[in-house]
Number of protein chains: 2
Amino acid sequence: MSNSQATGKMRKRALSERAKQTRERVFDAAETIFATRGFDGATIRDIAAAAGEPVGTIHHHGGGKEALFNTVVARRAETLSQARLEALEATWASKPMDLRSVLSAFIRPLFDLAEEDPRWQNYAKLVAFVSVDDRWTEIAAQHFDPTAHKFMEELQSHLPKLSRQRIAEGFVFTVSAMLALVTSERRISALGGGTSHTASVDHLVAFCAAGFGD
Amino acid sequence: MSNSQATGKMRKRALSERAKQTRERVFDAAETIFATRGFDGATIRDIAAAAGEPVGTIHHHGGGKEALFNTVVARRAETLSQARLEALEATWASKPMDLRSVLSAFIRPLFDLAEEDPRWQNYAKLVAFVSVDDRWTEIAAQHFDPTAHKFMEELQSHLPKLSRQRIAEGFVFTVSAMLALVTSERRISALGGGTSHTASVDHLVAFCAAGFGD
DNA sequence: GTCTATATGTAGATAGAC
DNA sequence: GTCTATCTACATATAGAC
């Protein structure tokens with residue numbers, strides 16, 4: 001604990017470029033494996049193989065399997081929340097300021113990010129695993145509840161007649177449908193034969209907006 | 001393989017009452033544990049403890065972990081599909097024959113069954129785990145696709161203007177929202193403060209019907 | 001069919017050389 | 001920080017007594 005260097009984010013010490021690259025490779029590999037097999041189905045050895053690193057390195061950077069999982073979930077949560085809130089603020093400037101814009105501000109950022117960096121697709125699948133397992137409700141709430149509440153307030157102001165419970169229900173339906181679109185794109189194609197990807201996001205926004213009563 | 005008795009369902013041999021009860025206890029316990037922790041998070045020992053049976057008995061009746069998982073998923077699938085198709089046929093007799101009735105016929109049976117037997121709630125959580133993990137897409141398709149296609153045809157006939165892809169999208173959104181309502185009832189309460197359970201199912205049907213454009 | 005004891009593999013984690 | 005070798009625990013599965 002001696003000789004610690006004060007960095008902007010209060011991290012332990014300054015990491016070399018090489019070390020930082022290794023960290024990122026470890027986290028990216030963990031993200032992929034966790035997203036594919038879930039927490040229990042993933043093994044440190046799988047992650048090590050995917051990262052092209054020895055097993056010990058995964059523990060060194062990850063600090064144990066559960067800590068690694070937490071880190072990987074947390075890593076992109078802040079970026080995603082920021083993007084959503086910025087998109088929400090942008091709607092305040094726009095004229096119509098309708099329900100669709102609010103839902104779009106919540107839904108679109110994830111797909112926009114996924115388009116420019118496919119690792120966001122893995123992240124979304126990981127979040128889907130998190131959302132289905134009671135064991136991770138704590139960390140899900142920690143990372144996503146603040147933004148959820150902001151959007152629910154916004155929805156409430158657009159739909160003053162709806163009870164808080166109905167807003168909450170609709171919001172949960174919306175989130176689950178969004179995750180389903182990410183994780184089941186292949187299944188949708190299999191069922192429907194269609195192909196257009198970006199159009200589906202429009203359809204999702206329209207579906208949920210209509211569901212809320214717009 | 002000798003001395004096999006031909007039963008209605010081509011099962012191996014006639015089982016004693018005692019044995020059948022043990023089987024059911026094993027499957028119920030497996031259902032609960034798999035629904036709580038997923039396939040990889042569950043252990044045969046957990047299941048044995050929950051069933052009040054020794055570890056060997058789980059293997060004897062289950063035939064290995066993966067076979068047991070398959071059996072447990074399959075066990076209630078037929079009942080659920082039957083209930084859904086019967087509910088769908090019942091709507092053909094009714095006058096208005098609207099989109100809501102079709103969606104209701106798909107959604108309601110699960111909640112009706114869960115109300116009279118809480119083990120259906122576990123089953124729904126298990127299906128949620130199945131739906132999120134690519135590893136189980138085969139068995140999900142095997143058990144649920146035939147009914148899914150029937151309902152999609154019915155939806156298509158009510159919404160002739162929509163493309164097959166949009167029907168498929170809306171159906172996936174609907175299924176995910178339905179599973180979210182089962183698995184996130186607590187979360188919805190936490191977010192919204194509300195309580196009424198049966199009302200939520202009405203809200204879900206309304207949400208999806210509106211989403212489809214009704 | 002039921003239960004005990006055990007075989008075998010592989011998981012997460014760590015100690016210590018480099 | 002990186003990597004090898006190893007410790008310990010617990011998983012699935014089975015063999016065989018009852």
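We name chains A, B, ... by the order of the sequence lines, and we start the count at 1 in each one. The basis for the numbers below is simple: all heavy atoms, side chains too, and nothing from hydrogens, waters or symmetry mates.
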Legend entry - F34(A) ring center within less than 6.0 Å of F69(A) ring center: yes

Inset, instruction - For T22(B), report the nucleic acid contact type (base, sugar-phosphate, nothing); a contact means any heavy atom under 4.0 Å. - result: sugar-phosphate

Inset, instruction - Assess the side chains of S104(B) and R108(B): does a donor N or O sit below 3.5 Å from an acceptor N or O? - result: yes

Legend entry - Between Q165(A) and E169(A): side-chain donor-acceptor atoms closer than 3.5 Å: yes

Legend entry - Contact state string [nucleotides 12-18 of chain C, B base, S sugar-phosphate only, - no protein heavy atom under 4.0 Å]: BBB----

Round to the nearest Å and state the distance from [X] atom [atom1] to [N] atom [atom2].
{"X": "E24(A)", "N": "dG1(D)", "atom1": "CD", "atom2": "P", "result": "14 Å"}
{"X": "I33(A)", "N": "dA11(C)", "atom1": "CD1", "atom2": "C1'", "result": "15 Å"}
{"X": "E53(B)", "N": "dG1(C)", "atom1": "CD", "atom2": "C1'", "result": "10 Å"}
{"X": "Q21(B)", "N": "dT2(C)", "atom1": "CD", "atom2": "C1'", "result": "15 Å"}
{"X": "I58(B)", "N": "dT2(C)", "atom1": "CD1", "atom2": "C1'", "result": "11 Å"}

Legend entry - Under 3.5 Å donor-acceptor, N70(A) side chain and E66(A) backbone: yes

Legend entry - From dG1(D), dT2(D), dC3(C), nucleotide with atom closest to R18(A) side chain: dT2(D)

Legend entry - Atom CD of E115(B) with >12 non-hydrogen neighbours under 6.0 angstrom: no

Legend entry - Any residue meeting side-chain contact (heavy atoms from CB on, under 4.5 Å) with R45(A), in chain and number order, not counting sequence neighbours: T43(A), V55(A)

